[in-house]
There are 2 protein chains.
Amino acid sequence: MKVILDAMGGDNAPRELVLGAVEALKECDADIVLVGRGEQILQVLAEEGHDHLPARLEISDAAEVVEMEDDPASVLRTKKNSSMARGFAMLNEGYGNVFLSAGSTGALFSGATLLAKRVRGIRRGALITVMPNVVGSKWVLLDCGANLDCTPEYLLQFGCMGSFYSELVLGIEKPRVGLLNIGTETTKGTALQREAYVLLQKAADEGLLNFVGNVESRDVMSGAADVIVADGYSGNILLKGIEGMGLSFYKLLKDMFMSSLKGKVAGLMIKDSLGGLKSLMDYNSVGGAPFLGISKPVYKIHGSAKREAVKNAILGSIKYAESGVIDRITENVDRMRLPAGSAE
Amino acid sequence: MKVILDAMGGDNAPRELVLGAVEALKECDADIVLVGRGEQILQVLAEEGHDHLPARLEISDAAEVVEMEDDPASVLRTKKNSSMARGFAMLNEGYGNVFLSAGSTGALFSGATLLAKRVRGIRRGALITVMPNVVGSKWVLLDCGANLDCTPEYLLQFGCMGSFYSELVLGIEKPRVGLLNIGTETTKGTALQREAYVLLQKAADEGLLNFVGNVESRDVMSGAADVIVADGYSGNILLKGIEGMGLSFYKLLKDMFMSSLKGKVAGLMIKDSLGGLKSLMDYNSVGGAPFLGISKPVYKIHGSAKREAVKNAILGSIKYAESGVIDRITENVDRMRLPAGSAE
C-alpha cells in the first residue's frame, strides 16, 4: 500500500500535512509519498528534529500549488506541475494506491472526475460526510455539496454507493438507507424526491439496498438511518445547519459554566463528559472522506485539518482503498442505472 | 379587535385551544370567538370551573372538523361547516380581524390562498418561523415548507415580506436579509439562488430592504441575519435539522447529568441556566406565525401547542394584525415584482 499525499493543500500546509503523515507512519505499514515543494517539506521535518527522512516516507517535488482562488474546472490543466495535478498523475500511473488532498474541494472533485475518472455508468461522483449520531453509531450523508442539481438516477446511485461504504468501511450490516425529505409520506417533497423514492424502493425490492423511506432532517441525529441520500444543495444546508446549531449550543453551554462560580464548579465536575458532547459535533475528527463513484481512491481531507485529523484521514483512506467499495460499485453499476432510453 | 379562533384544530383540541383563549383574555382587551363544537367547548369551560362564558368570549357553532387525513386542497369546499371553513368565512365577512388555527397546515394554507386571498401581485403566500439565536435576538426563516418549488421572484418577495415582518412585528431596525446558500460568494448555489441574489441586490440598491448577501446554514444560529430567505424545501430541511440537533444535544446533556452522582449534583447547581439552553431550541414558545402575503391576517398555531403556546399565538396574532405588515406589503408590491414579460 502506497499513499500519495498532497502536502501543499489546505489551511495548514505543508506543516500539518507533513506531520500528520509522520504520525500515520507509526500506525500503519503503508508507504507515504509527500507531493509538494521539497525544500519546505524538508524544513518542516528538520524543525521537528528529523535529520533524515523517516522510513517509508518519500518526497516527490512539485513546484506549483493549487490556490483557493484558482478556477476548479481548469486549474489542473493550467498548473500541471502543482502538487495536486502531480498527485493525480502518480495515482493514474499506478505509483500509489490512493491520493489525498486537503486543497480546494472543487479542484479535487474536478480532478477525480476528469483525471481519475468515474466508474463507467456512474453519473456523478459524490462527496460524502461521515457523522456521529446520539445513539453511538455513525451515519453517512451524500451528496454534501458537489452536485447541486441532481436527477432521481443520481440519488439512486448515491443511495447504493453510500450503502456499500457504510457496510464495507463502517462495518454496518444491511445499512438503512433513507431519503432526506420534508415528511415521511411517499407523496412528500419535490418531483426529485418523489421520483427518487420510486427508484430506491425498486432497488430495495431487487435486493440492492435496504431502503427505509423518507427521513426528516429532524431525525438524522437520533439515528433514523445509516445512509442519508440528498441532492448536494440540501445535503450541504443540512450538514452545516447541524454543525452551526451544535457549535452555538456548545458555546452557550460553555458560557453557562463560565458565568458564575457555581457554574465553574459544576463544569469541573463533569469536564470529562463535556468532551463527549463536543465530539458529537466534531465531524472533522474523521479527517476526511472519499469521493464515491470514482474509479480510483481519491480522498478529501478537511481544509482545516491539523496533524491528528490528517493522520486519521490517511488511515481512513487506506481502509477505504482496501475495503472493496469501488469493486462493489463496479460490479453493481448496471443495477444502479435507469433503463436506456428512459427519461433521466 | 376581535380574534377568530378555530377551537377544533391541532393535537390538543378543543381543550388547550379553549384554555389558551381564556388565558389570552387576561392579557389583552380583544374579543375572542371560539369556532367549533359548542357543546365540547362549553364542557371544557365547565370542567375548568367556568359556569358561564367569560367576558369577551363567544362561541360560534360549527359541527364539522378538518382532519389531518382530509385533502388540504379541497376540504374547505367539501366541509363548508367545519370550524376552519367557518373561521375563514367569518374573517371574510369582517366579523373578526384575524383568524387562527392549529389544524392542518396544508388546509389552512389553501384557505389563506383561496379564501382570504393573497395580496394582489404576491405570487405565493409564505410560511414563516420565528427563531431565537444565541446572540439574544430573533430571526425569521421563510419559506418553511409551504412552497417547495420556487422562482427567483418568489424569493425576492419572501425577502421583502420577511423584512417588513422583522421590522414591524419584532422591532428590528433595518433587518439584515440573507439568502440561504451553500457559500457566501455570489456564484454559489443553483440557478435559483444565483438569480434570486441579483433580484435581492437590486431591491436593496433601490432601498426596499437591507440585503447582506448569501448566508450559510452554519451561521444562522449565531445571528448572521435577521431574515433568512429560502425555498420551502431547503428552509424546512434547515429548520428541522436545527431542531433535531438541538434536541439530540439536549438529550445527551441530560444523560450526562443523570449518569452519575457527580453529574446530578452538577446539574442541580446550574438548573436555572439549563432552562435557557432549552428555550433556545424551543421555537414553539412563540406559539405560531402568520402566513405572509395574505391580504388578511391568517395565523398558524403549532399543531402540538398547549394553552401557553396558544395564548402566545393569540397575542402574537393581535400584534401582527395591528402591525401594518399587510399594508406595507400592499404599498410596496409593485416594487417586489419582475417587469411584466420577463421570465419568471
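Here is the naming used below: chain letters follow the sequence lines, and residue numbers restart at 1 for every chain.
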How long is the span from the [atom1] atom in [X] to the [atom2] atom in [Y], to the nearest 0.5 Å?
{"X": "B:E243", "Y": "A:M245", "atom1": "CD", "atom2": "CE", "answer": "9.5 Å"}
{"X": "A:S222", "Y": "B:K251", "atom1": "OG", "atom2": "NZ", "answer": "9.5 Å"}
{"X": "A:M269", "Y": "B:M269", "atom1": "CE", "atom2": "CE", "answer": "6.5 Å"}
{"X": "B:M221", "Y": "A:L252", "atom1": "CE", "atom2": "CG", "answer": "8.0 Å"}
{"X": "B:I242", "Y": "A:S217", "atom1": "CD1", "atom2": "OG", "answer": "9.0 Å"}

Given a strict heavy-atom distance threshold of 4.5 Å, which part of [X] is in contact with chain B: side chain, backbone, both, or neither?
{"X": "A:N181", "value": "both"}
{"X": "A:L268", "value": "neither"}
{"X": "A:D219", "value": "neither"}

Revision key, fill the gap. Comparing A:S259, A:S260, A:G244, A:A191 against chain B, the one with the most heavy-atom pairs below 4.5 Å turns out to be A:G244
Practice item. Could you have a look at A:L238, A:V135, A:V220 and say which one has the most heavy-atom pairs with chain B under 4.5 angstrom? Key: A:L238
Review point. Should B:D231 and A:Y233 be marked as a side chain to side chain contact (heavy atoms under 4.5 Å, CB included) after you check the CA-CA gap, both sets of side-chain angles, and the distance that decides it?
Key: CA-CA 11 Å; B:D231 64 276; A:Y233 182 80; 4.2 Å; yes
Review point. Any idea which of B:L148, B:I237, B:N236 has the most non-hydrogen atom pairs under 4.5 angstrom with chain A?
Key: B:I237
